[in-house]
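Have a look at the structure below, then the notes.
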Amino acid sequence: MDARLNLFGNPVALQFIKHLNAAGKVISDSTLPHATQELVKLRASQINGCGFCTDMHSKDAAHAGETSVRLNLVAAWREATVFTDAERAALELTEQGTRIADAAGGVTDEAWANAAKFYDEEQLTALVCLIALINTYNRANVIVQQPAGSYRPGQFG
(Lines give C-alpha, C1' and ligand atoms only; values in the text may rest on other atoms or scores of the structure.)
Protein backbone atom coordinates (compact mmCIF):
# COMPACT_ATOMS: atom_id res chain seq x y z
CA MET A 1 0.00 0.00 0.00
CA ASP A 2 1.30 3.43 -0.94
CA ALA A 3 0.12 6.76 0.40
CA ARG A 4 -1.81 8.99 -2.00
CA LEU A 5 0.69 11.78 -1.31
CA ASN A 6 4.18 11.72 0.12
CA LEU A 7 3.71 13.91 3.19
CA PHE A 8 7.38 13.44 4.07
CA GLY A 9 8.66 14.63 0.70
CA ASN A 10 6.31 17.46 -0.20
CA PRO A 11 7.55 20.99 0.67
CA VAL A 12 4.10 22.25 1.71
CA ALA A 13 3.45 19.19 3.86
CA LEU A 14 6.91 19.39 5.42
CA GLN A 15 6.37 23.04 6.43
CA PHE A 16 2.96 22.18 7.85
CA ILE A 17 4.31 19.18 9.79
CA LYS A 18 7.20 21.30 11.08
CA HIS A 19 4.71 23.69 12.67
CA LEU A 20 2.56 20.86 14.02
CA ASN A 21 5.65 19.29 15.57
CA ALA A 22 6.58 22.61 17.20
CA ALA A 23 3.08 22.78 18.70
CA GLY A 24 3.48 19.19 19.85
CA LYS A 25 6.72 20.07 21.66
CA VAL A 26 4.89 22.74 23.68
CA ILE A 27 2.40 20.08 24.77
CA SER A 28 4.98 17.37 25.48
CA ASP A 29 6.95 19.86 27.59
CA SER A 30 3.85 20.75 29.63
CA THR A 31 2.96 19.30 33.04
CA LEU A 32 0.32 17.01 31.53
CA PRO A 33 1.63 13.53 32.44
CA HIS A 34 3.44 11.85 29.56
CA ALA A 35 1.56 8.58 30.05
CA THR A 36 -1.74 10.46 29.75
CA GLN A 37 -0.50 12.16 26.58
CA GLU A 38 0.25 8.81 24.97
CA LEU A 39 -3.11 7.33 25.99
CA VAL A 40 -4.92 10.34 24.52
CA LYS A 41 -2.99 10.14 21.24
CA LEU A 42 -3.63 6.42 20.97
CA ARG A 43 -7.37 6.64 21.74
CA ALA A 44 -8.05 9.48 19.29
CA SER A 45 -6.08 7.62 16.62
CA GLN A 46 -8.14 4.47 17.22
CA ILE A 47 -11.41 6.39 16.96
CA ASN A 48 -10.30 8.10 13.75
CA GLY A 49 -9.09 4.85 12.19
CA CYS A 50 -5.59 6.22 11.72
CA GLY A 51 -3.42 3.15 11.45
CA PHE A 52 -0.23 5.18 11.07
CA CYS A 53 -0.77 7.09 14.33
CA THR A 54 -2.12 4.04 16.19
CA ASP A 55 1.07 2.20 15.22
CA MET A 56 3.27 5.13 16.20
CA HIS A 57 1.71 5.94 19.54
CA SER A 58 1.32 2.36 20.73
CA LYS A 59 5.01 1.73 19.94
CA ASP A 60 6.15 5.02 21.49
CA ALA A 61 4.13 4.31 24.64
CA ALA A 62 5.52 0.77 24.92
CA HIS A 63 9.03 2.11 24.36
CA ALA A 64 8.46 4.61 27.20
CA GLY A 65 7.46 1.75 29.54
CA GLU A 66 3.69 1.55 29.12
CA THR A 67 2.39 -1.98 29.72
CA SER A 68 0.86 -4.09 26.98
CA VAL A 69 -2.20 -4.66 29.17
CA ARG A 70 -2.98 -0.94 29.35
CA LEU A 71 -2.23 -0.40 25.66
CA ASN A 72 -4.47 -3.29 24.69
CA LEU A 73 -7.31 -1.96 26.85
CA VAL A 74 -7.31 1.68 25.70
CA ALA A 75 -10.14 1.01 23.25
CA ALA A 76 -12.19 -0.53 26.08
CA TRP A 77 -11.12 1.85 28.85
CA ARG A 78 -14.61 2.14 30.36
CA GLU A 79 -14.59 -1.55 31.31
CA ALA A 80 -10.91 -1.69 32.24
CA THR A 81 -9.64 -1.36 35.79
CA VAL A 82 -6.08 -0.44 34.83
CA PHE A 83 -6.57 3.31 34.34
CA THR A 84 -6.61 6.00 37.01
CA ASP A 85 -9.62 8.25 37.45
CA ALA A 86 -7.59 11.11 35.96
CA GLU A 87 -6.70 9.03 32.88
CA ARG A 88 -10.32 7.98 32.51
CA ALA A 89 -11.39 11.65 32.57
CA ALA A 90 -8.78 12.47 29.91
CA LEU A 91 -9.94 9.55 27.75
CA GLU A 92 -13.57 10.67 28.04
CA LEU A 93 -12.64 14.22 27.05
CA THR A 94 -10.61 12.79 24.16
CA GLU A 95 -13.52 10.72 22.91
CA GLN A 96 -16.00 13.58 23.11
CA GLY A 97 -13.53 16.05 21.61
CA THR A 98 -12.79 13.66 18.76
CA ARG A 99 -16.42 12.77 18.09
CA ILE A 100 -17.74 16.34 18.08
CA ALA A 101 -20.03 15.73 15.11
CA ASP A 102 -21.64 12.75 16.87
CA ALA A 103 -23.07 14.87 19.68
CA ALA A 104 -25.31 17.89 19.19
CA GLY A 105 -23.66 19.76 22.05
CA GLY A 106 -20.07 18.68 21.50
CA VAL A 107 -18.18 18.08 24.74
CA THR A 108 -20.52 17.82 27.71
CA ASP A 109 -20.24 19.97 30.81
CA GLU A 110 -19.96 16.75 32.82
CA ALA A 111 -16.93 15.53 30.88
CA TRP A 112 -15.28 18.93 31.22
CA ALA A 113 -16.01 19.17 34.96
CA ASN A 114 -14.68 15.67 35.52
CA ALA A 115 -11.42 16.46 33.72
CA ALA A 116 -11.13 19.73 35.67
CA LYS A 117 -11.20 17.73 38.92
CA PHE A 118 -7.89 16.10 38.00
CA TYR A 119 -6.03 18.63 35.86
CA ASP A 120 -5.08 22.23 36.56
CA GLU A 121 -5.57 24.99 34.00
CA GLU A 122 -2.19 24.43 32.30
CA GLN A 123 -2.80 20.69 32.06
CA LEU A 124 -6.36 21.18 30.79
CA THR A 125 -5.05 23.56 28.15
CA ALA A 126 -2.40 21.06 27.12
CA LEU A 127 -5.05 18.32 27.02
CA VAL A 128 -7.37 20.37 24.78
CA CYS A 129 -4.48 21.30 22.49
CA LEU A 130 -3.28 17.69 22.36
CA ILE A 131 -6.74 16.42 21.39
CA ALA A 132 -6.93 19.02 18.63
CA LEU A 133 -3.38 18.26 17.45
CA ILE A 134 -3.71 14.48 17.27
CA ASN A 135 -7.00 14.85 15.41
CA THR A 136 -5.19 17.03 12.87
CA TYR A 137 -2.46 14.43 12.38
CA ASN A 138 -5.06 11.65 12.15
CA ARG A 139 -7.07 13.44 9.51
CA ALA A 140 -4.06 14.13 7.30
CA ASN A 141 -2.87 10.54 7.52
CA VAL A 142 -6.33 9.05 6.91
CA ILE A 143 -6.96 11.32 3.90
CA VAL A 144 -3.71 10.28 2.20
CA GLN A 145 -3.98 6.64 3.39
CA GLN A 146 -0.59 6.72 5.11
CA PRO A 147 0.48 3.06 5.52
CA ALA A 148 0.95 1.68 9.03
CA GLY A 149 3.23 -0.90 10.57
CA SER A 150 6.78 0.18 9.86
CA TYR A 151 7.17 2.96 12.46
CA ARG A 152 10.15 2.67 14.81
CA PRO A 153 10.13 4.48 18.19
CA GLY A 154 12.01 7.76 17.92
CA GLN A 155 11.94 7.69 14.13
CA PHE A 156 10.91 11.34 13.91
CA GLY A 157 13.24 12.68 16.57
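Contact between G106 and Q96 at its shortest, heavy atoms only, is O-OE1, 4.0 Å. Across every non-hydrogen atom of S45 and N138, the tightest pair is OG-ND2, 3.0 Å. What you find for Q146 and L7 is that their closest heavy atoms are OE1-CD1, 4.2 Å. When all heavy atoms are compared, the tightest approach of A80 to R88 is O-NH1, 3.1 Å. Nearest heavy atom pair, residue G49 against residue V142, reads O-CG2, 3.8 Å. Shown here for A115 and A89, the closest heavy-atom pair between the two residues is CA-CB, 3.9 Å.
Taking A132 as the reference, nothing meets the side chain to side chain contact (heavy atoms under 4.5 Å, CB included) condition, with sequence neighbours excluded. A search for salt bridge (Lys or Arg N to Asp or Glu O under 4.0 Å) contacts involving R70 returns E66, E87, not counting sequence neighbours. By the side-chain hydrogen bond (donor to acceptor under 3.5 Å, both in side chains) test, S58 is found to be paired with no residue, residues two or more places apart in sequence or in another chain being considered. Partners of D29 by salt bridge (Lys or Arg N to Asp or Glu O under 4.0 Å), not counting sequence neighbours, listed by chain and number: K25. Under the side chain to side chain contact (heavy atoms under 4.5 Å, CB included) criterion, A75 pairs with R43, Q46, sequence neighbours left out. Scanning for salt bridge (Lys or Arg N to Asp or Glu O under 4.0 Å) contacts around D55 gives K59, with sequence neighbours left out. Annotation: side-chain hydrogen bond (donor to acceptor under 3.5 Å, both in side chains) contacts of S28 (sequence neighbours excluded): none. With sequence neighbours excluded, the residues forming a salt bridge (Lys or Arg N to Asp or Glu O under 4.0 Å) with R78 are E92, E95, listed by chain and number.
Looking at Q123, its side chain does come within 3.5 Å of a backbone N or O of T31 through a donor-acceptor pair.
To the nearest 0.5 Å, atoms OG (S150) and CD (Q155) are separated by 6.5 Å. Put simply, NZ on K41 and CE on M56 are 8.5 Å apart, with the number rounded to the nearest 0.5 Å.
Pairs engaging residues 9-20 under the side-chain hydrogen bond (donor to acceptor under 3.5 Å, both in side chains) rule: none recorded [sequence neighbours left out]. Pairs engaging residues 104-125 under the salt bridge (Lys or Arg N to Asp or Glu O under 4.0 Å) rule: none recorded [sequence neighbours left out].
Clustering of Ile, Leu, Val, Met, Phe, Trp and Tyr by side-chain heavy atoms under 4.5 Å joins L91 with L39, L42, V69, L71, L73, V74, W77, V82, F83. Taking Ile, Leu, Val, Met, Phe, Trp and Tyr as hydrophobic and joining them when side-chain heavy atoms fall under 4.5 Å apart, one finds L127 in a cluster with F16, L20, I27, L32, V40, L93, V107, W112, F118, Y119, L124, V128, L130, I131, L133, I134, Y137.
The aromatic rings of F52 and F156 sit tilted, their planes meeting at an angle between 30° and 60°.
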